[in-house]
Every structure is written in C-alpha cells, then in structure tokens.
Amino acid sequence: MSKFSNAEKVGLRNKDTEKLLAVYPHRPEGNDDEIIKKVTDWYYSQNCAAEELMKNSYVDILTDEEIKSWK
C-alpha cells in the first residue's frame with residue numbers, strides 16, 4: 001500500500017526538526033514516486049533557493065492539526 005494513498009494534504013518537512021516547511025496546494029494523486037516528484041517540482045518552482053533546503057527535507061502527510069492551521 002502507498003504511503004500517500006489516503007492523504008488529504010502533503011507538504012515538505014525538515015528532516016532534523018520535523019517542522020513543516022511548505023504545504024502542497026493540491027490533493028496528492030498518483031503513486032508515491034509521482035507525488036514526491038510533483039511536490040518537489042512544485043516547491044522548486046516556488047523558491048529559487050529550494051535546492052539547499054530540499055537536501056534536508058522530505059515529503060510527508062500533514063496531521064489533522066496542521067491541515068486546520070494552514071487553511
């Protein structure tokens with residue numbers, strides 16, 4: 001089963017601090033690899049300095065509290 005198969009929202013999270021850095025604005029669709037690529041491509045297009053930040057980040061599912069706070 002896919003990690004993101006039932007995710008309502010996903011975003012980028014810092015590997016060290018677990019802090020949410022950005023929320024992907026669309027519903028995640030596709031397999032895990034497709035979702036990761038879509039999210040990272042979207043973030044690169046939003047942020048010129050994203051390359052360094054992405055080295056220490058990963059795509060993750062948002063918690064219910066995070067979803068509510070980002071709306």
Side-chain angles (χ1 to χ4, degrees):
M1 180 171 231
S2 167
K3 174 181 178 179
F4 302 113
S5 63
N6 294 319
E8 184 178 330
K9 282 283 192 186
V10 296
L12 288 171
R13 196 175 297 279
N14 181 286
K15 289 179 183 175
D16 296 328
T17 65
E18 298 295 316
K19 179 182 175 189
L20 187 62
L21 304 172
V23 176
Y24 183 61
H26 309 288
R27 183 165 180 87
E29 295 180 0
N31 65 40
D32 285 356
D33 291 337
E34 292 169 339
I35 291 169
I36 291 168
K37 179 161 180 26
K38 287 177 188 177
V39 173
T40 55
D41 288 351
W42 164 80
Y43 191 70
Y44 277 126
S45 73
Q46 303 296 309
N47 186 347
C48 297
E51 189 171 354
E52 280 301 311
L53 185 63
M54 291 298 298
K55 290 179 182 178
N56 198 36
S57 303
Y58 65 99
V59 176
D60 195 23
I61 299 170
L62 273 63
T63 65
D64 289 339
E65 294 80 27
E66 289 170 330
I67 291 170
K68 289 176 187 174
S69 71
W70 280 87
K71 285 187 177 180

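Since the structure is predicted, the reported quantities are computational estimates derived from the model, not experimental observations. As a basis for the values below, the full set of heavy atoms in this structure was taken, side chains included, without hydrogen atoms, waters or symmetry mates.
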*Please round to the nearest 0.5 Å and tell me the distance separating atom CG of Asn6 and atom CD1 of Ile61.*
8.5 Å

*Backbone of Glu29 reached by a side-chain donor or acceptor of Lys38 within 3.5 Å*: yes

_Gap separating the OG atom of Ser2 from the CG atom of Asp33, nearest 0.5 angstrom_ = 9.0 Å

*Test side-chain contact (heavy atoms from CB on, under 4.5 Å) on Phe4 and Ile36 and set out the steps.*
CA-CA 9 Å; Phe4 302 113; Ile36 291 168; 3.9 Å; yes

*Can you tell me how far NZ of Lys37 sits from CG of Asp32, rounded to the nearest 0.5 angstrom?*
15.5 Å

*Would you indicate whether the side-chain heavy atoms of Leu62 and Glu8 approach each other to under 4.5 Å?*
no

*Side-chain heavy atoms under 4.5 angstrom apart, residues restricted to Ile, Leu, Val, Met, Phe, Trp, Tyr: same cluster for Tyr44 and Val59?*
yes

_Pairs flagged by salt bridge (Lys or Arg N to Asp or Glu O under 4.0 Å) wherever residues 56-65 is involved - sequence neighbours left out_ = Lys3-Asp60, Arg13-Asp60

Which pairs would a plain distance check flag for residues 17-26, meaning a side-chain donor or acceptor within less than 3.5 Å of a matching protein atom at least two apart in sequence or in another chain?
unit_1: Thr17; atom_1: OG1; unit_2: Asn14; atom_2: OD1; d: 3.3
unit_1: Thr17; atom_1: OG1; unit_2: Lys19; atom_2: N; d: 3.2
unit_1: Glu18; atom_1: OE1; unit_2: Tyr58; atom_2: OH; d: 2.6

*Considering only heavy atoms from C-beta outward, does the side chain of Pro28 approach that of Val10 to under 4.5 Å?*
yes

*Residues which pass salt bridge (Lys or Arg N to Asp or Glu O under 4.0 Å) with Asp16, listed by chain and number, not counting sequence neighbours*: none

*Do you know the tightest heavy-atom contact between Ile35 and Gly30?*
CD1-O, 3.4 Å

